[in-house]
Chemist: 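Have a look at this one before I ask anything.
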Amino acid sequence: MKILVLISNVPDTTTKIRFKSDNTAFDDAGVQWIINPWDELALTRAVELKETGGVSLITVANVGNASTEPTLRKALAVGADDAIRIDVEARDAFEVATQLASVAKDYDLIMAGIEASDYNGSAVGGMLAELLDIASVSSVSGINIENGQLLFNREIDGGSQVLSVTTPVVAIVQKGIAKEPRIPAMRGIMMARKKELKVTAPVSAEDRTSFVRFELPPKKAACKMVAEDNAKELVRLLHEEAKVL
Amino acid sequence: MSILVYTENWDGKFKKFSFELVSYAASIAKQTGSTVTALSIGNVTDSELQKLSNYGTNKVLKITDDRFNSLDNKAMSKAIVAAAKAEGAKMIILAHNNLGKALAPRVAVRLQAGLETGVVALPVSFDPFIVKKKVFTGKAFAEVKINANIKVITLAQNSFEPVELRHSETIEAFNPQMADSDFTTTVKETNKVTGKVLLTDAEIVVSGGRGMKSGDNWGGLEEMADLLSAGMACSRPVSDEGWRSHTEHVGQTGKIIAPNLYMAFGISGAIQHLGGVSSSKVIVAVNKDKEAPIFEVADYGIVGDVFMVIPQMIEAIKEMKS
């Protein structure tokens with residue numbers, strides 16, 4: 001089985017968000033870039049599956065310019081076998097999915113995080129599945145291989161399901177897919193330098209959305225404090241003033 | 001033109017979120033001189049379907065084919081596309097929840113539409129078509145232009161208050177052409193927890209953090225959640241420690257929720273946690289550290305010991321309820 005893990009290059013989740021050019025663009029000065037947290041969990045599960053057998057190849061793919069390569073190198077250090085970077089800026093979900101569709105055809109399982117932590121699109125995985133006209137399963141919190149067959153755990157409202165699916169398939173994964181993201185070991189980092197990071201030219205793709213402007217949320221009013229021994233008053237305020245109880 | 005709304009059902013019932021979607025569509029329809037068609041897939045009675053018309057649908061299409069019970073993403077999106085084409089819909093609206101997020105991207109590709117997810121308000125403008133959404137997990141907003149003739153959007157929960165608006169009650173059976181190969185998913189096993197309020201649609205959420213000190217100290221919070229019919233949540237360290245199930249983890253990498261009331265006990269409020277809860281209408285924080293960042297986003301707070309505050313609150317809630 002061959003696995004493709006889609007990797008989004010995002011600002012570290014502790015980044016203080018600022019905008020520039022009259023609030024029309026994200027200000028990336030001084031920003032640390034990381035593997036999107038859900039993509040990192042997806043990759044971790046892919047590596048675990050390879051270790052238990054039944055997986056012959058893990059490729060990671062990213063749409064972005066050369067500045068995203070350290071993120072792909074990190075993915076290689078975590079345990080991917082090779083990497084593909086499609087050499088164009090990621091601007092829009094449809095554009096990104098179109099690019100990925102050009103390299104995703106030979107894989108049995110494609111894994112994508114539920115969303116990227118920057119623009120929160122939740123779109124690329126589903127779009128890619130439709131472009132390839134293959135199955136997709138969202139809210140996947142577990143993947144196992146039994147007798148060569150993929151079994152997914154899917155979270156549904158109020159519970160979970162075990163599913164079998166036709167392949168190839170896009171699994172859109174969320175919390176639970178792996179316990180913790182795997183930290184690259186020194187050996188992995190050394191090996192990653194020798195692994196192939198293929199740069200491919202983009203295909204022609206249309207942008208169907210564009211950012212017009214950004215804004216920061218309005219500042220909240222000061223928190224109304226209640227004394228520790230007067231929690232009754234808190235309940236009264238929630239009931240009578242905020243009217244939420 | 002027509003607007004198509006996919007109205008998901010939960011065991012045959014609609015929820016407030018369903019009416020938010022229909023009402024949102026009706027409001028756009030009014031501004032643009034359009035009509036609203038709701039599409040329901042699954043086993044829903046006509047009397048339940050009629051509830052949608054209380055919020056402004058002109059027509060309801062229903063698909064009752066049992067093959068859709070597996071919630072197959074490929075098949076369901078194909079059915080939504082078929083309905084959009086049959087209705088000549090120029091806009092398709094879905095919920096920004098698990099199922100809506102799974103289907104909307106597929107629908108958009110098939111209709112050659114532009115997609116924007118997690119929209120939080122009525123469109124800023126129609127020509128050009130611009131909508132507002134949250135980005136950076138609630139740390140900012142963006143206005144986004146959709147550059148395509150057909151628009152697909154997912155609407156965030158609690159971002160539009162349903163308004164009653166009564167039209168006709170046309171309910172029509174809809175039978176899209178489906179091939180067996182469209183159904184790609186086989187459900188082998190379903191495990192449902194019954195009697196619990198679902199975290200993602202709870203109006204009130206009670207949440208505990210590292211300040212709860214151990215997984216054994218959750219009795220008070222559970223009692224409070226029961227009294228308030230609230231959902232139960234926790235911060236990441238709590239699920240990492242295994243004190244609570246990861247399904248209760250709210251935050252940037254867990255569930256993202258927007259209840260009317262979020263009460264955080266012993267949660268300091270790391271930026272990743274706030275990303276998952278900052279859309280809540282009212283936030284209450286109880287924490288022993290007065291410098292904890294949770295107080296910067298909270299509306300009401302107590303600096304103090306959670307184990308002292310929780311029993312007092314339970315008492316007061318019981319009094320209020322009686």
Side-chain angles (χ1 to χ4, degrees), chain A residues 13-14 17 37-38 93-94 117-123 125-127 129-131 135-139 155-166 169 172 175-176 207-217 220 223-228 231-232 234-239 242 244-245, chain B residues 10 73-74 98 101-102 105-106 109-110 114-118 130 134-137 139-148 184-193 196 198 246 249 252-254 260-261 271-272 281-282 295 297-305 308-309 312-313 316-317 320:
Chain A
T13 52
T14 57
I17 303 300
W38 289 280
F94 183 72
S117 60
D118 49 4
Y119 298 110
N120 309 137
S122 306
M127 283 183 169
E130 192 67 31
L131 286 167
S136 62
V137 181
S138 196
S139 311
E155 283 198 19
I156 52 170
D157 279 317
S160 65
Q161 293 179 318
V162 181
L163 308 174
S164 66
V165 278
T166 60
V169 58
I172 298 159
K175 174 94 179 171
D207 286 11
R208 291 193 178 154
T209 59
S210 48
F211 287 106
V212 179
R213 55 183 288 272
F214 296 95
E215 66 187 38
L216 296 172
K220 264 205 145 175
C223 181
K224 202 173 226 180
M225 301 308 288
V226 176
E228 182 186 26
K232 201 178 164 175
L234 175 63
V235 172
R236 189 194 68 79
L237 285 167
L238 293 174
H239 182 53
V244 287
L245 276 187
Chain B
W10 288 265
N73 290 180
K74 189 169 182 240
N98 285 343
K101 282 189 252 186
R106 300 197 69 130
V109 166
R110 191 56 62 181
L115 168 72
E116 206 45 73
T117 57
I130 296 174
K134 286 193 177 167
V135 290
F136 296 100
T137 321
K139 286 189 263 181
F141 290 97
E143 287 182 6
V144 191
K145 185 166 76 160
I146 298 185
N147 311 310
T184 56
T185 313
T186 310
V187 177
K188 304 213 147 217
E189 202 180 303
T190 298
N191 303 297
K192 276 211 171 188
V193 188
K196 285 233 176 168
L198 303 179
H246 72 81
H249 166 204
Q252 186 150 27
T253 54
N260 280 333
L261 173 61
I271 195 161
Q272 293 94 336
K281 261 189 202 147
V282 174
F295 290 116
V297 299
D299 301 277
Y300 298 94
I302 293 180
V303 177
D305 179 359
M308 212 175 125
V309 173
Q312 287 181 62
M313 284 185 71
I317 291 165
M320 182 190 81

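Every chain is numbered from 1 and lettered A, B, ... according to where its sequence line falls, protein lines coming before strand lines.
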Chemist: Considering only heavy atoms, which portion of Ser160(A) lies under 4.5 Å from any heavy atom of chain B: side chain, backbone, both, or neither?
Modeler: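 Both backbone and side chain.
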Chemist: Return the option, out of Asp305(B), Asn73(B), Val297(B), Ile271(B), with the maximum number of heavy-atom pairs under 4.5 Å with chain A.
Modeler: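 Between Asp305(B), Asn73(B), Val297(B), Ile271(B), the count favours Asn73(B).
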Chemist: Can you tell me which portion of Leu234(A) sits under 4.5 Å from chain B's heavy atoms? Options are side chain, backbone, both or neither.
Modeler: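 Just its side chain gets close to chain B.
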Chemist: Answer with side chain, backbone, both or neither: which region of Lys232(A) has an atom nearer than 4.5 Å to a non-hydrogen atom of chain B?
Modeler: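 Answer is both: backbone and side chain atoms of Lys232(A) are under 4.5 Å from chain B.
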Chemist: Can you tell me how far CZ of Phe214(A) sits from NZ of Lys139(B), rounded to the nearest 0.5 angstrom?
Modeler: 14.0 Å
Chemist: In the structure I gave you, are the side-chain heavy atoms of Asn147(B) and Ser210(A) within less than 4.5 Å of one another anywhere?
Modeler: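 SC-SC contact between Asn147(B) and Ser210(A) confirmed.
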Chemist: Which value, rounded to the nearest 0.5 Å, describes the distance between Glu116(B) atom CD and Thr209(A) atom OG1?
Modeler: 5.0 Å
Chemist: Given the options Leu261(B), Ile317(B), Ile130(B), which has more heavy-atom pairs under 4.5 Å with chain A than any of the others?
Modeler: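 Result: the option with the highest number of such pairs is Leu261(B).
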Chemist: Within the structure provided, determine whether Phe211(A) and Glu143(B) are in side-chain contact (heavy-atom separation under 4.5 Å).
Modeler: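 Contact flag for Phe211(A)/Glu143(B) side chains = no.
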Chemist: Thr185(B), Val309(B), Thr190(B), Thr186(B): which one forms the most heavy-atom pairs within less than 4.5 Å of chain A?
Modeler: Thr186(B)
Chemist: Which bit of Met313(B) is near chain A, if near means a heavy-atom gap under 4.5 Å: side chain, backbone, both or neither?
Modeler: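 Backbone plus side chain of Met313(B), per the 4.5 Å heavy-atom cut-off to chain A.
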Chemist: Side chain, backbone, both or neither: which part of Leu198(B) has a heavy atom under 4.5 Å from chain A?
Modeler: side chain
Chemist: Heavy-atom distances under 4.5 Å only: say whether Val282(B) touches chain A with side chain, backbone, both or neither.
Modeler: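 The side chain, not the backbone.
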Chemist: Based on non-hydrogen pairs under 4.5 Å, which of Ala227(A), Gly121(A), Pro37(A) is most in contact with chain B?
Modeler: Gly121(A)
Chemist: Given a strict heavy-atom distance threshold of 4.5 Å, which part of Gln272(B) is in contact with chain A: side chain, backbone, both, or neither?
Modeler: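 Just the side chain, heavy atoms under 4.5 Å.
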Chemist: Is Lys224(A) salt-bridged to Asp299(B), cutoff N-O under 4.0 Å?
Modeler: no
Chemist: Which bit of Ala93(A) comes within less than 4.5 Å of chain B, counting heavy atoms only: side chain, backbone, both or neither?
Modeler: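 No part of it gets close to chain B.
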Chemist: Write down the atom of Gln312(B), the atom of Glu228(A), and the distance for their closest heavy-atom approach.
Modeler: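 Heavy-atom minimum between the residues: NE2-O, 3.1 Å.
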Chemist: Find out whether Pro105(B) and Phe94(A) are in side-chain contact, i.e. whether some heavy atom of one side chain is under 4.5 Å from a heavy atom of the other.
Modeler: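 When only atoms from C-beta onward are counted, Phe94(A) and Pro105(B) do not touch, as no gap falls below 4.5 Å.
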Chemist: Tell me, side chain or backbone of Ile17(A) under 4.5 Å from chain B's heavy atoms, or both, or neither?
Modeler: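 Contact with chain B involves the side chain of Ile17(A) alone.
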Chemist: Looking at Leu115(B), Asn260(B), Val144(B), which makes the most heavy-atom pairs under 4.5 Å with chain A?
Modeler: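 Looking at each of Leu115(B), Asn260(B), Val144(B) in turn, Val144(B) comes out on top.
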Chemist: For each of Leu131(A), Val226(A), Leu238(A), Val165(A), tally heavy-atom pairs with chain B at distances under 4.5 Å, and name the one with the top tally.
Modeler: Val226(A)
